[in-house]
Amino acid sequence: TPILEIRDLHVKYGNVEALHGIGLTVNQGEIVTILGANGAGKSTTLRAISGLLKPSGGEIRFEGKPAHTVPAHERVKLGIAQSPEGRRVFGTLTVRENLMLGAFTRSDKAGIAESLAWAYRLFPVLEKRRDQLAGTLSGGEQQMLAIGRALMAKPRVLLLDEPSLGLAPLLVKAIFQAIREVNQTTGLTVLLVEQNARAALKLAHRGYVMEVGRMVLEDTAEALIADP
Ligand code: ADP
Ligand code: ADP
């Protein structure tokens with residue numbers, strides 16, 4: 001069974017349909033990217049998956065179960081850039097406090113400590129700054145903190161909304177490398193929305209391309225790179 005499966009999904013804003021019946025499958029352990037121009041419907045797709053928007057038709061399934069039967073904290077959304085609802089970090093809390101907030105639905109103390117160690121290993125700068133207020137971090141560091149916090153929840157699918165937005169290429173590389181490392185080491189499943197197709201296809205195993213509310217292409221990352 002795929003960990004995430006979308007069938008014929010329709011979403012409307014008011015009377016205007018933004019998704020016209022899209023399909024998408026993500027298997028356990030995969031990194032899948034959704035590419036497409038601004039306005040294509042990528043964020044809308046993530047919002048529907050994370051339960052922030054109610055579909056007007058079609059199905060979203062997690063591990064075969066209808067999404068609305070899955071608790072919200074297991075549908076963890078990470079809207080790093082652009083989407084105000086998933087936004088970033090709490091500036092008046094420390095880095096460590098921000099990370100621990102990500103684990104608020106968990107009670108497995110040892111597991112939480114392990115996740116914290118993971119976050120610090122992936123992003124050493126976060127450990128260095130763990131007692132600093134998050135508001136004093138640079139944009140790139142806040143981005144790392146947002147990803148670290150999402151990982152603290154131990155999501156079954158990590159949803160990333162344009163993690164590269166506005167960041168210097170070196171930082172994008174560091175962040176994507178960290179995502180690959182968690183994927184390879186823990187089998188974390190990742191659904192990544194990106195406008196930066198080149199960076200996303202280097203990281204992803206498979207990709208979808210959206211155009212104005214429709215999926216127009218689905219293939220392996222290698223094939224999509226070869227045929228831009
Ligand atoms: P992308 O993430 O690919 O840039 P979006 O999912 O944000 O695309 O947008 C898809 C379409 O839905 C666009 O036409 C956009 O203007 C519209 N849209 C997005 N959010 C809203 C909203 N809150 N209300 C009305 N229309 C919206
Ligand atoms: P994104 O492409 O990620 O949706 P935008 O900058 O287009 O980012 O949108 C920022 C905010 O405005 C989002 O909350 C989005 O839902 C909302 N929005 C986007 N398009 C529209 C629209 N056509 N009508 C109303 N709200 C919109």
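Quick caveat, the model's predicted, so the values are computed rather than measured. Order of appearance sets the numbers: ligands from 1, and atoms from 1 within every ligand.
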Subject >> Side chain, backbone, both or neither: the part of M210 lying under 4.0 Å from ligand 1 by heavy atom >> reply: neither
Original post:
Using a heavy-atom cut-off of under 4.0 Å, does the side chain or the backbone of A18 touch ligand 1, or both, or neither?
Top reply: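 Under 4.0 Å from ligand 1, A18 contributes side-chain atoms alone.
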Subject >> Residues Q132 and T136: side-chain donor-acceptor under 3.5 angstrom >> reply: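 On atom types as modelled, these side chains qualify, holding a pair under 3.5 Å.
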Original post:
Thinking salt bridges, do R121 and E181 make one under a 4.0 Å N-O criterion?
Top reply: yes
**OP:** Could you tell me whether E17 and K12 make a salt bridge, using a distance below 4.0 angstrom between a side-chain N and a carboxylate O?
**Re:**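 No, no charged N to carboxylate O under 4.0 Å.
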Subject >> Transitive ILVMFWY side-chain link L188 to Y120, under 4.5 Å >> reply: yes
Taking 4.0 angstrom as the limit and counting only heavy atoms of [X], give me the atoms of ligand 1 inside it, by number and element.
X   : answer
G41 : 1 (P), 3 (O), 5 (P), 6 (O), 8 (O), 10 (C)
T44 : 5 (P), 6 (O), 9 (O), 10 (C)
A37 : 3 (O)
N38 : 4 (O)
A40 : 1 (P), 3 (O), 8 (O)

**OP:** State whether the number of non-hydrogen atoms from other residues, nucleotides or ligands found under 6.0 Å of E63 atom CD is greater than 12.
**Re:**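 Result for CD/E63: enclosed.
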Original post:
So which of G36, G14, G39 gets nearest to atom 10 (C) of ligand 1, if we judge by its closest heavy atom?
Top reply: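 The residue whose heavy atom sits nearest atom 10 (C) of ligand 1 is G39.
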Original post:
At the 4.0 Å heavy-atom cut-off, does R47 count as touching ligand 1?
Top reply: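 The answer is yes, since R47 has a heavy atom less than 4.0 Å from ligand 1.
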**OP:** Would you check whether G213 reaches within less than 4.0 Å of ligand 1, judged by its heavy atoms?
**Re:**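 No, that is not the case, since the closest heavy atom of the residue is not under 4.0 Å from the ligand.
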Subject >> Derivation of the salt bridge (Lys or Arg N to Asp or Glu O under 4.0 Å) call for E5 and R61 >> reply: CA-CA 5 Å; E5 191 173 20; R61 289 178 168 265; 5.7 Å; no
**OP:** Output yes when the distance from some N or O of ligand 1 to some N or O of T45 is under 3.5 Å, and no in every other case.
**Re:** no
Original post:
Testing I179, L158, T186 for side-chain contact (heavy atoms from CB on, under 4.5 Å) with L151, which one passes?
Top reply: L158
Original post:
Which of these passes side chain to side chain donor-acceptor pair (under 3.5 Å) with S164: E194, R198, Q195, K173?
Top reply: E194
